[in-house]
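Working notes for the structure below.
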Amino acid sequence: MSKFNVLITDFEFATLAPEEEVLATVDATLVRSQCKTEDEVIAAAKEANAVGLINQYAPITRKVIESLPNLKVVSRYGVGVNTVDIAAANEHGVIVANVTDYCMDEVSDHAFALLISCARKVVELNQAVKNGNWDYKVGVPIFRLPGRVLGLVGFGKIPQTLARKAQAFGIKVIAHDPYVPAEVAKEMNVELVDLNELCERSDFVSVHAPLIEATRGMISDAQFDAMKKEAFIINTARGPVIDEKALIRALEAGKIAGAGLDVLEEEPILADNPLLKMDNVILNPHAAWYSEESQDELKRKTAQNVADVLGGFYPTYLFNRDVKEKVQLKEKEVN
């Protein structure tokens, strides 16, 4: 019998072998579940006597945390932790961990792919040809990339990686992020500006802000009103950072040129969403994070967060650092 049980609340992977392999190092067994509601999470965790949760989309609410007094750690697949009530976790001494660095190249590549596809009207031209219209003027106007301005909303690891790639194409990069030191941006030849200035100056706005209450709907009517008519907006972060109704209004009114969206307010997209009928909008199914390599890395690092805590260590990717006031563990040695 294993020393610990860890519940995976929900998952969409074909195999959980990487997670099981990592958890076995601390004598923990992975218990599989496919929960959709907080009550399902509570029931499954209690039945498994779980001390750790690995989480994808199921809600880890205050009710969940308060119903599981033996819970030590929640580790989430991905960068965002919007499924977890962080305040409740802090109050109850539950460590929350994520994985911040597993897909920097994948997401930055995908964001740039959306950017350049919008800029060169690749999807529109492709569809025109398939519909029997062999005419480059379908894509008019198209502008050279050198000298264009990319505005990054958020300037963490992924947008910093994107900045280097865009600069290699001669694109000037500016960013808005109140938490990034000016010297970090200066070293990368990136100018930090406020959000309004970023919207006014950018030819491409790429969203990379995490989804928290302060960022929910931060790109809305006022921001679209400030943008150039030739500007495109790209989102590979979280859908609700953009006010989707405001985006639709802006597109319908021709206030911006188009959008490249890997994420939406509601996923999967609803069949009646107006974005589906817009030729100047590229839609992807939240795929920017994915490669075979990044998926394996994500799975192993998510499980390792749990293994660290069960082994008596703070995890490498500790998110809620305030929990240290209630939970005393050892610091991992940095290799």
Side-chain angles (χ1 to χ4, degrees), residues 2-9 19 22-23 25-28 30 38 41-42 45-46 48-56 58-104 154-158 160 177-181 183-184 208-216 237-238 297-335:
S2 298
K3 187 176 180 181
F4 305 108
N5 285 336
V6 175
L7 177 75
I8 182 165
T9 63
E19 292 90 333
V22 170
L23 291 171
T25 64
V26 290
D27 195 18
L30 185 66
E38 58 182 5
V41 174
I42 292 167
K46 284 185 174 179
N49 193 26
V51 295
L53 301 179
I54 291 178
N55 170 247
Q56 189 162 19
I60 311 301
T61 62
R62 176 175 289 276
K63 179 181 177 181
V64 170
I65 292 169
E66 291 181 346
S67 299
L68 304 174
N70 297 324
L71 184 62
K72 298 179 182 294
V73 56
V74 177
S75 184
R76 189 173 184 282
Y77 289 118
V79 179
V81 292
N82 48 291
T83 60
V84 186
D85 189 320
I86 302 301
N90 284 337
E91 289 173 26
H92 292 273
V94 175
I95 287 175
V96 179
N98 57 351
V99 184
T100 59
D101 60 359
Y102 76 100
C103 61
M104 291 188 295
F155 198 55
K157 294 178 180 179
I158 289 172
Q160 286 176 27
D177 192 325
Y179 304 105
V180 170
E183 56 268 23
V184 172
H208 300 276
L211 179 59
I212 56 176
E213 282 310 306
T215 63
R216 186 178 294 274
R238 288 292 183 269
E297 183 178 353
L298 170 64
K299 291 157 69 63
R300 290 183 183 279
K301 287 184 173 180
T302 302
Q304 189 61 54
N305 284 329
V306 176
D308 287 344
V309 174
L310 299 183
F313 296 92
Y314 291 117
T316 300
Y317 301 97
L318 174 63
F319 180 83
N320 59 334
R321 296 189 175 278
D322 290 344
V323 80
K324 287 186 173 184
E325 296 177 5
K326 292 200 171 186
V327 181
Q328 302 300 314
L329 298 175
K330 293 175 286 187
E331 299 284 353
K332 293 180 69 178
E333 293 185 8
V334 179
N335 294 329

With no hydrogens and no angle check, just 3.5 Å: does a side-chain donor-acceptor pair link N49 and N5?
no
Please assess T316 against Q304 for the test side chain to side chain contact (heavy atoms under 4.5 Å, CB included), listing each intermediate value before the final yes or no.
CA-CA 9 Å; T316 300; Q304 189 61 54; over 6 Å; no
Could you check whether K301 makes a cation-pi contact with Y317, meaning its NZ or CZ is under 6.0 Å from the centre of the six-membered ring and within 45° of the ring axis?
no
Quick one: CD1 on I42 to CD on E66, what's the gap to the nearest 0.5 Å?
9.5 Å
When every non-hydrogen atom of K157 is compared with those of T100, the smallest separation belongs to NZ-OG1, 3.7 Å
Is L329 close to V309 at the side-chain level, that is, under 4.5 Å between some pair of heavy atoms?
yes
If only atom types and distance count, is the side chain of D322 paired as donor or acceptor with the main-chain N or O of E325 below 3.5 Å?
no
If you round to the nearest 0.5 Å, how far is CD1 of I54 from CG of N305?
9.0 Å
Got a second to check how far I65's CD1 is from I86's CD1, nearest 0.5 Å?
7.5 Å
Any side-chain heavy atom of V323 within less than 4.5 Å of one from L318?
yes
When rounded to the nearest 0.5 angstrom, what is the spacing between NZ in K324 and CD in E331?
3.5 Å
Would you name the heavy atoms of V327 and G93 that are closest together and state the gap between them?
CG2-O, 3.2 Å
Show every ring-ring contact (aromatic ring centres under 6.0 Å, His included) that has at least one partner inside residues 77-98, sequence neighbours left out.
F13-Y77
Look at the side chain of R76 and the backbone N and O of G80, then say whether any donor-acceptor pair between them is shorter than 3.5 Å.
yes
Are the side chain of T302 and the backbone of S75 linked by a donor-acceptor contact shorter than 3.5 Å?
no
Any non-hydrogen side-chain atom of K72 less than 4.5 Å from a side-chain atom of I95?
no
Distance check, rounded to the nearest 0.5 Å: L30 atom CG versus E19 atom CD?
6.5 Å
Here the gap from L310 atom CG to L23 atom CG, rounded to the nearest 0.5 Å, amounts to 7.5 Å
The test is side chain to side chain contact (heavy atoms under 4.5 Å, CB included); show your working for T9 and Q56 and say whether it passes.
CA-CA 7 Å; T9 63; Q56 189 162 19; 5.6 Å; no
Heavy-atom closest pair (I60 atom, V74 atom, distance to 0.1 Å) is CG2-CG2, 4.1 Å
Other residues, nucleotides, ligands: >12 heavy atoms within 6.0 Å of E183 CD
yes
Sub-3.5 Å donor-acceptor pair from the side chain of D85 to the main-chain atoms of A87, do we have one?
yes
Minimum heavy-atom separation for I158 and M104, please, with both atom names.
CG1-CA, 3.9 Å
When you measure from the side chain of N98 to the backbone N and O of V79, does any donor-acceptor pair fall under 3.5 Å?
yes
Taking all non-hydrogen atoms of both residues into account, name the closest pair between L71 and V94 and its distance.
O-CG2, 3.6 Å
Between V180 and F155, which heavy-atom pair has the shortest distance, and what is it?
CG2-O, 3.5 Å
So, using side-chain hydrogen bond (donor to acceptor under 3.5 Å, both in side chains) as the criterion, who are the partners of K326 when residues are at least two apart?
none
